[in-house]
K.L.:
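Can you read through this structure? Questions will come right after.
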Amino acid sequence: MSSKIRVRFAPSPTGPLHIGGVRTALYNYLLARKLGGTFLLRIEDTDQTRFVPGAEDYILESLAWLGIMPDEGVGIGGPHAPYRQSERKDLYKAYADELISTGKAYYAFDSAEELDAIRAVYESKGTAFQYNALTRVKLKNSLSMSPGAIEEALASGQPYVIRLKVPAKAEIRFQDSIRDWVHVHTSSMDDKVLMKSDGMPTYHLANVVDDHIMEITHVIRGEEWLPSAPLHILLYQAFGWQAPQFAHLPLLLKPEGNGKLSKRDADLGGFPVFPLEWTDPQSGVVSKGFKQEGYLPEATLNFLAFLGWNPGTEQELFSLDELVNAFSLERINKAGAKFDVNKAKWFNEQYVKQHPVSELASAYLPEIESGKAEAFVQLFLDRITFPQELGQKVAEFSAFPKEYDSAVLANKWNSEAQKGLLAIQTCIEHIQDWHAESIKHVIHGTLETEGIKMGKVMQMLRVALSGNGAGPDLMISMELWGKQQVAERLSVALAQFPKLSE
RNA sequence: GGUCCGUUCGUCUAGGGGUUAGGACACGUCCCUUUCACGGAUGAAACACGGGUUCGAUUCCCGUACGGACUACCA
């Protein structure tokens, strides 16, 4: 008996992959790597009406961007191909038939409209309708109909679904890796549809059959599946199969208020909930992506990993390999986690700072000569959250000041500052070796001989050169502007500042 | 409504029968710096409530409240 770990990520191609889905994929990936197992990708496209073109590619591209590619599955191949459920359609029918023949499932001929009507009646009475042991005898199915009538209905091609015959009185229990024992009584479950009238299986059947065939050992999925887990257990029992180990992940919640994180929150909060930018093929509406917003894949992964899991130590920055190493199902939390943009940004800043300067320079300042571009990156590295801010920073830096910080001017512009700036204007003319260190040396020396305190003029010098009262290291800035530019900026500023007499 | 799941600073969380309840983000203050940012230090900030069990409960049990998920021929 093989004890090889096999996990899967099984999204539906109904739109862009949600960030919660990405976290599910990540946890699956981490467990597989941690235990030397296999991570596979299966596409659950059994609902033909909700298929969205491009969604499958989007999923693959997202996983590739983050570096958590599956070992097996759609787009990769493997021993259990095909991995797209629509292409495995015929398989499921045979399993459903097996359940019919063993009496674990039955045909139901009730139309969707009939059931809706029944539901409406129940609802008007303040109760909920359940298709179960109590009601199925009064409905149109192979349990209530005579053998002849069933025969006839089937032969005449009357549409039907196959439903699981849920036992009336039984307690279903299973041990979840995250929630421990979960018990549910079958009286609160209904006879779920296994095969739809269009010949496609429902999620429940396809999922259980495929997880079994593909030898999945651990099912790691979102908490929204917890209520249907007992049904899946029942299915495994009906087939006589061993159920995999379940782990139901806590949900990702809205940053404000309550509820599941949704696309709407992203639009409202100005942050992405999708890994990559997505253009809706129907409406053309574009949704932001972590990548396009400027989040680095390592930062996105690290941030996501910590939403619902932690290593139990005080280390927060983890590479993917370190995550693999530290990961365990046991340390996943039970309660839902609110998405916090500030924390995401903080992670990104950490990774931006760690990023090789040369790469940032060539990727984000491609127009600028590499040596200078790297100097700019160094200058702004601590002041940006997203690397693409670099271009804007450099543009602002390079532009001639349009106006001068009036508050600083009001406070610091005095005759001593004027004297200092005049002295600086003269002395920089003589600097041959135009580098931050030598500029600093000369300016300091000049101010000292003039008997002017640094504090009295330096901020005015900054305002004169950049227009701003705050900014990066002035000496390095001067080096980057170049001697001629500095001289020009200084003389323009001096001409505009009010003239002060001694 | 029913079923199930959950609840430690504003947020992510550590912890766990006896602790000054720890860390991180954000926020305040201070230091560093010519300024800002970075960095460092520091402050404010939490065990939902009520009953048990116990010498002792934030920790275990039960209720309540609150929150969430699910309740389709969607996944």
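Protein chains get the first letters and strands the later ones, always in sequence-line order, with residue 1 at the start of each. This structure is a prediction, so every number in the text was calculated from the model and none was measured. The figures here come from the full heavy-atom set of this structure, side chains too, leaving out hydrogens, waters and symmetry mates.
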K.L.:
Contact class for A/Ala112 (heavy atom, under 4.0 Å): base, sugar-phosphate, or nothing?
P.N.:
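Base contact.
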K.L.:
Is a side-chain donor-acceptor pair under 3.5 Å present for A/Asn302 with A/Tyr351?
P.N.:
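Looking only at side-chain atoms, A/Asn302 and A/Tyr351 do form a donor-acceptor pair, the distance falling under 3.5 Å.
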K.L.:
Within the 4.0 Å heavy-atom criterion, would you say A/Gly308 contacts the bases, only the backbone, or no part of the nucleic acid?
P.N.:
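Sugar-phosphate contact only.
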K.L.:
A/Arg221 side chain N/O closer than 4.0 Å to the phosphate oxygens (OP1, OP2) of B/C70?
P.N.:
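No, A/Arg221 has no side-chain N/O under 4.0 Å of OP1/OP2 on B/C70.
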K.L.:
For B/C49, give the paired nucleotide (Watson-Crick: N1-N3 plus N6-O4 or O6-N4; G-U: N1-O2 and O6-N3; both under 3.5 Å), or none.
P.N.:
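By the stated definition (distances under 3.5 Å), B/G63 pairs with B/C49.
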K.L.:
Could you check whether A/Asp176 gets within reach of a base, just the sugar-phosphate, or nothing at all, counting any heavy atom under 4.0 Å?
P.N.:
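A/Asp176: no heavy atom of the nucleic acid under 4.0 Å.
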K.L.:
Who is the Watson-Crick or G-U wobble partner of B/G1, with both distances under 3.5 Å?
P.N.:
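With both distances under 3.5 Å, B/G1 matches B/U71.
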K.L.:
Does A/Val161 reach a base, just sugar-phosphate, or nothing at all? Heavy atoms under 4.0 Å.
P.N.:
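Base contact.
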K.L.:
Give me the distance, rounded to whole Å, that separates B/C9 from B/G22 when you measure between the P atoms they each carry.
P.N.:
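Each nucleotide's P atom is 14 Å from the other's.
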K.L.:
I'd like the C1' distance from B/U20 over to B/G52, given in whole Å.
P.N.:
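Nearest-Å result for B/G52 against B/U20 at atom C1': 29 Å.
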K.L.:
Measuring centre to centre across the rings, with the benzene-like ring taken for any Trp, is A/Phe271 within less than 6.0 Å of A/Phe290?
P.N.:
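No; A/Phe290 has its ring centre 6.0 Å or more from that of A/Phe271.
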K.L.:
If you measure from the P atom in B/A45 to the same atom in B/C38, how many Å do you get, rounded?
P.N.:
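It works out to 25 Å between them.
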K.L.:
Could you work out the separation of B/A41 and B/C47 based on their C1' atoms and round it to a whole Å?
P.N.:
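It works out to 28 Å between them.
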K.L.:
Base contacts versus sugar-phosphate-only contacts with protein, heavy atoms under 4.0 Å: please encode nucleotides 38-43 of chain B as B, S and - from 5' to 3'.
P.N.:
SS----
K.L.:
OP1 or OP2 of B/A14 sitting under 4.0 Å from any side-chain N/O of A/Asn310?
P.N.:
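So the side-chain polar atoms of A/Asn310 do come within 4.0 Å of the phosphate oxygens OP1 or OP2 of B/A14, strictly under.
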K.L.:
Just checking A/Phe306: base, sugar-phosphate only, or nothing, at a heavy-atom cut-off of under 4.0 Å?
P.N.:
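The residue A/Phe306 makes sugar-phosphate contact but no base contact.
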K.L.:
Does any nucleotide pair with B/A41 by Watson-Crick or G-U wobble geometry, both distances under 3.5 Å, and what is it?
P.N.:
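Pairing partner, where one exists within any strand: B/U29.
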K.L.:
Is a donor-acceptor contact shorter than 3.5 angstrom present between the side chain of A/Lys343 and the base of B/A24?
P.N.:
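When only heavy-atom distances are counted, A/Lys343 does reach the base of B/A24 through a donor-acceptor pair under 3.5 Å.
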K.L.:
Between N or O atoms, less than 3.5 Å apart, protein on one side and nucleotides 4-10 of chain B on the other: list the pairs.
P.N.:
from : atom 1 : to       : atom 2 : distance (Å)
B/C5 : O2'    : A/Arg179 : NH1    : 2.6
B/C5 : O2'    : A/Glu223 : OE2    : 3.3

K.L.:
Please state whether the rings of A/His232 and A/Trp225 are parallel, tilted or perpendicular, taking 30° and 60° as the class boundaries.
P.N.:
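Ring orientation, 0 to 90° scale: tilted.
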K.L.:
With a 3.5 angstrom cut-off on both distances, give the Watson-Crick or G-U wobble partner of B/U35, or none if there isn't one.
P.N.:
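With both distances under 3.5 Å required, B/U35 matches none.
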K.L.:
Quick one: is A/Lys345 getting a side-chain N or O under 4.0 Å of the B/U11 phosphate, OP1 or OP2?
P.N.:
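Answer is no, no contact under 4.0 Å.
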K.L.:
Which label fits A/Tyr122 and A/Phe129: parallel for a plane angle under 30°, tilted from 30 to 60°, or perpendicular past 60°?
P.N.:
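The arrangement is perpendicular - the two ring planes meet at more than 60°.
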K.L.:
With a 4.0 Å cut-off on heavy atoms, is A/Lys456 in touch with a base, just the backbone sugar-phosphate, or nothing at all?
P.N.:
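Contact class for A/Lys456: none.
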K.L.:
Assign each of A/Ala128 and A/Met454 to its nearest nucleotide of RNA chain B by heavy atoms, then name whichever residue's nucleotide is nearer the 5' end.
P.N.:
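With A/Ala128 and A/Met454 compared, the 5'-side residue is A/Ala128.
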K.L.:
Please work out if A/Thr46 contacts a base, only the sugar-phosphate, or nothing of the nucleic acid, heavy-atom cut-off 4.0 Å.
P.N.:
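Sugar-phosphate contact only - A/Thr46 comes under 4.0 Å of backbone atoms but never of a base.
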K.L.:
Does A/Glu396 pair with A/Lys402 as a salt bridge, N-O distance under 4.0 Å?
P.N.:
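No, A/Glu396 and A/Lys402 are not salt-bridged.
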K.L.:
For a quick check under 3.5 Å, do A/Gln48 and A/Ser86 share a side-chain donor-acceptor pair by atom type?
P.N.:
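Side-chain D/A pair, A/Gln48 to A/Ser86: absent.
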K.L.:
Looking only at atom C1', what distance separates B/U54 and B/G18, rounded to whole Å?
P.N.:
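Looking at atom C1' only, B/U54 and B/G18 are 12 Å apart.
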K.L.:
Using atom P of each nucleotide, how far apart are B/C27 and B/C62 to the nearest Å?
P.N.:
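My reading of the P atoms in B/C27 and B/C62 gives 42 Å.
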K.L.:
Can you tell me, in whole Å, how much space there is between the C1' of B/U19 and that of B/G6?
P.N.:
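B/U19 and B/G6 have their C1' atoms separated by 26 Å.
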K.L.:
Identify whether any heavy atom of A/Gly471 sits under 4.0 Å from a base atom; if not, whether one sits that close to sugar-phosphate; answer base, sugar-phosphate or nothing.
P.N.:
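Answer is base: heavy atoms of A/Gly471 come under 4.0 Å of a base.
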K.L.:
Any side-chain N or O of A/Arg163 less than 4.0 Å from the OP1 or OP2 oxygen of B/C73?
P.N.:
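For A/Arg163, the contact criterion (side-chain N or O under 4.0 Å from OP1 or OP2 of B/C73) is met.
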K.L.:
Does NZ or CZ of A/Arg163 lie under 6.0 Å from the centre of the six-membered ring of A/Tyr131, at an angle within 45° of the ring axis?
P.N.:
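Cation-pi check for A/Arg163 and A/Tyr131: passes.
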K.L.:
Under the 6.0 Å and 45° cation-pi test, does A/Arg173 pair with A/Trp181?
P.N.:
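Ring-cation test returns yes.
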K.L.:
For B/C32 versus B/A37, give the span between their P atoms, rounded off to a whole number of Å.
P.N.:
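Taking atom P in both B/C32 and B/A37, they lie 15 Å apart.
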K.L.:
Can you find a pair of side-chain heavy atoms, one from A/Leu154 and one from A/Phe109, that are under 4.5 Å apart?
P.N.:
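Side chain of A/Leu154 against side chain of A/Phe109, heavy atoms only: contact under 4.5 Å found.
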K.L.:
Could you tell me the Watson-Crick or G-U partner of B/U19, where both distances fall under 3.5 Å? Say none if there is no partner.
P.N.:
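WC or wobble partner does not exist here.
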K.L.:
On RNA chain B, does the nearest nucleotide to A/Phe129 precede the nearest nucleotide to A/Ser228 from the 5' side, or the other way round? Give the residue.
P.N.:
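Residue closer to the 5' terminus by nearest nucleotide: A/Phe129.
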K.L.:
Determine the contact category for A/Ser12: base if any of its heavy atoms lies under 4.0 Å from a base atom, sugar-phosphate if only primed atoms, P, OP1 or OP2 are that close, otherwise nothing.
P.N.:
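Sugar-phosphate: the residue A/Ser12, judged by heavy atoms under 4.0 Å, touches backbone atoms but no base.
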K.L.:
Aromatic contact between A/Phe318 and A/Phe306, with the criterion being ring centroids under 6.0 Å apart: yes or no?
P.N.:
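They qualify: ring centres under 6.0 Å apart.
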K.L.:
Counting only Watson-Crick pairs (N1-N3 plus N6-O4 or O6-N4) and G-U wobbles (N1-O2, O6-N3), all under 3.5 Å, who is the partner of B/A24?
P.N.:
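Matched B/A24 with B/U11 under the 3.5 Å cut-off.
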